[in-house]
Amino acid sequence: MGIVTPGFRGRPRSSGPELPPGQYLTEDFPVLSAGPTPRVLTDRWEFVISTEAGQEYRWSWAELMALPSETPTVDIHCVTKWSKFGTAWQGVSLDTLMSDVDTAADFALVHSYGGYTTNLPLEDLLNGQAWIAYRYDGADLAPEHGGPARLLVPHLYFWKSAKWVRGIQLLLDDEPGFWESAGYHDYGDPWREQRYQGD
Ligand SMILES: Nc1nc2c(c(=O)[nH]1)N[C@H]1C(S)=C(S)[C@@H](COP(=O)(O)O)O[C@H]1N2
Ligand SMILES: [Mo]
């Protein structure tokens with residue numbers, strides 16, 4: 001009689017996480033930033049949603065902290081081909097932040113402290129698909145990973161998850177962000193391997 005239960009090791013997975021095409025799994029959490037890490041103090045932090053009609057909805061850090069939060073555990077996929085399974089976050093759902101926003105927009109351009117931008121359809125921010133995340137793995141979100149707060153939109157390539165998020169501009173017409181203007185795919189679905197324009 002062995003100490004390892006027969007059939008326990010190497011059992012094929014019938015369900016559970018899968019890797020999108022062309023991705024490999026990593027256990028650590030790489031840092032990918034196009035520029036220096038901006039240091040944003042929470043007492044000066046604010047988050048603004050602006051609409052196509054010019055209306056602005058603002059939250060201070062204290063106001064964000066007072067909103068109900070969620071604790072999504074999600075897989076993330078970077079276009080440089082690493083994926084990480086089961087990342088655990090805490091943040092406020094965009095559904096909560098958008099609940100009183102009056103808009104006819106179909107598109108969003110996300111702005112970060114430091115100047116980074118990224119675009120996506122507004123519907124991809126709604127229905128439990130996106131959060132303003134401020135904790136990761138049980139601790140305050142580290143500055144290099146986008147602290148004090150970042151967008152988390154895990155069903156798209158991770159470049160859409162803007163670190164140091166400061167606002168979302170709602171638009172009637174799509175406008176490319178930083179990487180999208182540099183030849184990366186406008187939408188960026190990892191399951192359809194939409195890495196570059198034309199994919
Ligand atoms: N503001 C900002 N957000 C950003 C980036 C950036 O350079 N600046 N890089 C993007 C890319 S390409 C990836 S893969 C992820 C990396 O997040 P991480 O450094 O926490 O792994 O952040 C995304 N968000
Ligand atoms: Mo990335």
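In listed order, ligands and their atoms are each counted from 1.
Of the options Lys160, His145, Lys84, Glu144, the smallest heavy-atom separation from atom 18 (P) of ligand 1 is shown by His145. In this comparison of Tyr184, Phe158, Tyr113, Trp179, the heavy atom closest to atom 23 (C) of ligand 1 sits on Phe158.
Cluster membership check: Leu151 shares its hydrophobic cluster with Tyr187, using side-chain heavy-atom separations under 4.5 Å among Ile, Leu, Val, Met, Phe, Trp and Tyr.
Within ligand 1, the atoms closer than 4.0 Å to a non-hydrogen atom of Trp82 are 21 (O), numbered from 1 in the order shown. Proximity to Trp164 (heavy-atom distance under 4.0 Å) selects the following atoms of ligand 1: 1 (N), 2 (C), 8 (N). Proximity to Ala34 (heavy-atom distance under 4.0 Å) selects the following atoms of ligand 1: 6 (C), 7 (O). Near Val31, the atoms of ligand 1 lying under 4.0 angstrom from a non-hydrogen atom of the residue are 19 (O). Near Ser112, the atoms of ligand 1 lying under 4.0 angstrom from a non-hydrogen atom of the residue are 1 (N). Interface atoms of ligand 1 facing Ala162, defined by a heavy-atom separation under 4.0 Å, are 3 (N), 24 (N).
Looking at Arg195, its side chain does come within 3.5 Å of a backbone N or O of Val79 through a donor-acceptor pair. Listed for the Ser60 side chain is a donor-acceptor partner under 3.5 Å among the backbone atoms of Glu63. No donor-acceptor distance shorter than 3.5 angstrom exists from the side chain of Asn119 to the backbone of Leu109, with no hydrogens or angles considered. Under a 3.5 Å cut-off, the side chain of Arg150 and the backbone N or O of Tyr134 do not form any donor-acceptor pair.
Ligand 1 has no atom lying under 4.0 Å from any heavy atom of Gly114. In this structure, Arg150 is part of the shell of residues with a heavy atom less than 4.0 angstrom from ligand 1.
For Phe29, every heavy-atom contact with ligand 1 shorter than 4.0 Å involves the side chain, none the backbone. By the criterion of a heavy-atom distance under 4.0 Å, both the backbone and the side chain of Trp159 are placed next to ligand 1. Heavy atoms of Phe178 found under 4.0 angstrom from ligand 1: none, in either backbone or side chain.
Phe29 has its ring centre less than 6.0 Å from the ring centre of His145. Less than 6.0 angstrom separates the ring centroid of Tyr184 from the ring centroid of Trp159.
At the shortest separation from atom 19 (O) of ligand 1 among protein heavy atoms lies Lys163 NZ, 2.6 Å. Looking at atom 14 (S) of ligand 1, its nearest protein heavy atom turns out to be Cys78 SG, 3.2 Å.
Of the polar atoms of Leu32, at least one N or O is found under 3.5 Å from an N or O of ligand 1, judged by distance alone. For ligand 1, one of its N or O atoms has an N or O atom of Pro30 under 3.5 Å away. Taking distance alone, with nitrogen or oxygen atoms compared against 3.5 Å, Ser161 approaches ligand 1 more closely than that limit.
Glu70 and Trp89 are not linked by any side-chain donor-acceptor pair at a separation below 3.5 angstrom, with hydrogens and angles left out of the test.
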Might you work through the side-chain hydrogen bond (donor to acceptor under 3.5 Å, both in side chains) test for Glu52 and Thr103, ending with a clear yes or no?
-> CA-CA 7 Å; Glu52 74 285 358; Thr103 182; 2.7 Å; yes
Checking side-chain hydrogen bond (donor to acceptor under 3.5 Å, both in side chains) for the pair Thr117/His111: CA distance, chi angles, key distance, verdict?
-> CA-CA 5 Å; Thr117 55; His111 295 261; 6.0 Å; no
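Taken from CZ in Phe158 to SG in Cys78, the straight-line distance is 8.5 Å, to the nearest 0.5 Å.
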